[in-house]
Enquirer: 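I have a structure here, written as structure tokens, and I will follow up with some questions on it.
These figures come from a predicted structure and were not determined experimentally.
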Protein chains: 2
Amino acid sequence: MAQITKHPTQECKKSIQAVHDAMYVLGGKWKISIVASLLFGPRRYSEILRDVVGISGKMLSRELKEMETNLLVDRIVSDTQPITVTYELTKYGKSIEPVIITLGEWGETHRKCITRKD
Amino acid sequence: MAQITKHPTQECKKSIQAVHDAMYVLGGKWKISIVASLLFGPRRYSEILRDVVGISGKMLSRELKEMETNLLVDRIVSDTQPITVTYELTKYGKSIEPVIITLGEWGETHRKCITRKD
DNA sequence: CTGTATCCACCTTGATACTG
DNA sequence: CAGTATCAAGGTGGATACAG
């Protein structure tokens, strides 16, 4: 029916909006990396800190807090001595997996391109 | 063989790196939206400006320049009067399509979640 | 039309030190 | 271990004016 020929702008804007929505939630410098880490299973604060190379503690807790607010992760506190905190993706957070996979695959390819061309 | 149990960190870091690489190139506030726009076909500067709601001219040209540098887009100048400039995705740029699609789908779902929960 | 230059407010991030 | 507080620096992005 509606071919993308004469008035593609509406179609286009809709897609762009969807993508923009996604990036609003995943938009921090580190959020996607954190999700990638959490896809491997529940992680402690300090573990994420080691996994996500370059992130600072401040950023990690801040991003995690935002992600908690956005219902992407659960924060589980065990009142051991000293306390341990485990983060894990919610069902909703796990639904990002395809995005991460796709992005990761593209990233690997990209790295190859870089290697060849730089 | 190597189960993701004892030493998941290496596996994990690799994935995270790949994702991080991707975000390095796609990382601006607007780049992904611009790619989304360009996926609908070549676009003029002013068209992208209209498609990507909220972006300013300065940001658009800046982001496009970076994307050109990263070989994601081609910039084609027609020396009409006045000149017109068309941007289109390179083959490499088009390879991001799956990412955008996946992200867009997730974004739509996310919007539904927002609607229900906010 | 397609940008660039400048000014400026705001946001983001890191380093460091500190708390429970 | 799991954060928080504070400071400082740089990046981000918009408005406006200007240029080819």
Enquirer: Can you check nucleotides 7-10 of chain D for protein contacts, nitrogen or oxygen pairs under 3.5 Å, and list what you find?
Expert:
none

Enquirer: Is it the case that the side chain of E47(B) and the backbone of R44(B) share a donor-acceptor pair, with hydrogens and angles ignored and the cut-off at 3.5 Å?
Expert: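 At least one qualifying donor-acceptor pair exists.
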Enquirer: Heavy atoms under 4.0 Å, any strand shown: does R44(B) hit a base, just sugar-phosphate, or nothing?
Expert: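 Sugar-phosphate contact only.
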Enquirer: On DNA chain D, check which nucleotide each of S56(B) and E47(A) is closest to and give me the residue with the more 5' one.
Expert: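 The residue closer to the strand's 5' end, by nearest nucleotide, is E47(A).
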Enquirer: Please state how far atom CZ in R62(A) lies from atom C1' in dG3(D), giving the value in whole angstrom units.
Expert: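 Rounding to the nearest Å, CZ of R62(A) and C1' of dG3(D) are 13 Å apart.
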Enquirer: So S61(B), base contact, sugar-phosphate only, or nothing? Heavy-atom distance under 4.0 Å.
Expert: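 Base: the residue S61(B), judged by heavy atoms under 4.0 Å, touches a nucleobase.
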Enquirer: Quick one: ring-ring contact (aromatic ring centres under 6.0 Å, His included) partners of W30(A), sequence neighbours excluded?
Expert: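 Partners of W30(A) by the ring-ring contact (aromatic ring centres under 6.0 Å, His included) criterion, ordered by chain and then number, come out as H20(B).
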Enquirer: Can you tell me which nucleotide in dT4(D), dG3(D), dT13(C) comes closest to the side chain of V85(A)?
Expert: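 Given the options dT4(D), dG3(D), dT13(C), the side chain of V85(A) is closest to dG3(D).
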Enquirer: Side chain to side chain contact (heavy atoms under 4.5 Å, CB included) with T69(A): which residues, sequence neighbours excluded?
Expert: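 With neighbours one apart ignored, the set is empty.
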Enquirer: Kindly write out the residues that satisfy side chain to side chain contact (heavy atoms under 4.5 Å, CB included) with S61(A), not counting sequence neighbours, or none if the list is empty.
Expert: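 For S61(A), the residues satisfying side chain to side chain contact (heavy atoms under 4.5 Å, CB included) (neighbours in sequence not counted) are Y45(A).
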Enquirer: Sequence neighbours left out, what passes side-chain hydrogen bond (donor to acceptor under 3.5 Å, both in side chains) with R75(A)? Give chain and number order.
Expert: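 Scan of R75(A) (side-chain hydrogen bond (donor to acceptor under 3.5 Å, both in side chains), adjacent residues dropped) gives Y87(A).
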Enquirer: Tell me every residue that passes side chain to side chain contact (heavy atoms under 4.5 Å, CB included) with T102(B), counting only those two or more places apart in sequence or in another chain.
Expert: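 Listed in chain order: P98(A), V99(A), T102(A).
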Enquirer: Step by step, work out the side-chain contact (heavy atoms from CB on, under 4.5 Å) result for I76(A) and V85(A).
Expert: CA-CA 6 Å; I76(A) 297 133; V85(A) 182; over 6 Å; no
Enquirer: List in numerical order all residues of residues 75-83 of chain A for which some heavy atom is under 4.0 Å away from an atom belonging to DNA chain C.
Expert: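 Correct list: empty, so none.
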Enquirer: Any side-chain N or O of Y87(B) under 4.0 Å from OP1/OP2 of dG3(C)?
Expert: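 For Y87(B), the contact criterion (side-chain N or O under 4.0 Å from OP1 or OP2 of dG3(C)) is met.
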Enquirer: The side chain of S46(A) is closest to which nucleotide in this list: dC1(D), dT4(C), dG3(D)?
Expert: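 Output: dC1(D).
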Enquirer: Reckon G27(A) touches a base, only the sugar-phosphate, or nothing at all at heavy-atom distances under 4.0 Å?
Expert: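 The answer is nothing, as G27(A) stays clear of every strand by at least 4.0 Å.
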Enquirer: What is the distance, rounded to the nearest whole Å, between atom CH2 of W30(A) and atom C1' of dC11(C)?
Expert: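 Distance, rounded to whole Å: 17 Å.
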Enquirer: Can you tell me the distance, in whole Å, between the CD atom of E66(B) and the C1' atom of dG3(C)?
Expert: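 Those two atoms, CD and C1', are 16 Å apart.
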Enquirer: Grab the CG-C1' distance between L49(B) and dC1(C) for me, whole Å please.
Expert: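 Computing the L49(B):CG to dC1(C):C1' distance gives 11 Å.
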Enquirer: Taking only residues two or more places apart in sequence, or in another chain, which ones meet E63(B) in a side-chain hydrogen bond (donor to acceptor under 3.5 Å, both in side chains)?
Expert: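 Checked E63(B) against side-chain hydrogen bond (donor to acceptor under 3.5 Å, both in side chains); matches are K31(B).
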Enquirer: Can you tell me if the side-chain N/O atoms of K65(A) get under 4.0 Å from OP1 or OP2 in dT4(D)?
Expert: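 Yes, such a contact exists.
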Enquirer: If you measure only the distance, is there a donor-acceptor pair under 3.5 Å linking the side chains of Y92(B) and H110(A)?
Expert: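 The criterion, which ignores hydrogens and geometry beyond distance, is satisfied for H110(A) and Y92(B).
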Enquirer: How long is the line joining CE of M59(B) and P of dG13(D), in whole Å?
Expert: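 So the two atoms are 6 Å apart, to the nearest Å.
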Enquirer: Can you tell me the distance, in whole Å, between the CD atom of E63(B) and the P atom of dG3(C)?
Expert: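 Distance, rounded to whole Å: 14 Å.
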Enquirer: CG of L60(A) versus C1' of dC1(D): gap in Å, rounded?
Expert: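 Checked: the CG to C1' distance equals 13 Å.
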Enquirer: To the nearest angstrom, how far is Y24(B) atom OH from dG11(D) atom P?
Expert: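 In whole Å, dG11(D) P lies 12 Å from Y24(B) OH.
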Enquirer: Could you work out, with side chain to side chain contact (heavy atoms under 4.5 Å, CB included) as the rule, every residue matching E105(A), not counting sequence neighbours?
Expert: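 So E105(A) forms a side chain to side chain contact (heavy atoms under 4.5 Å, CB included) with I101(A).
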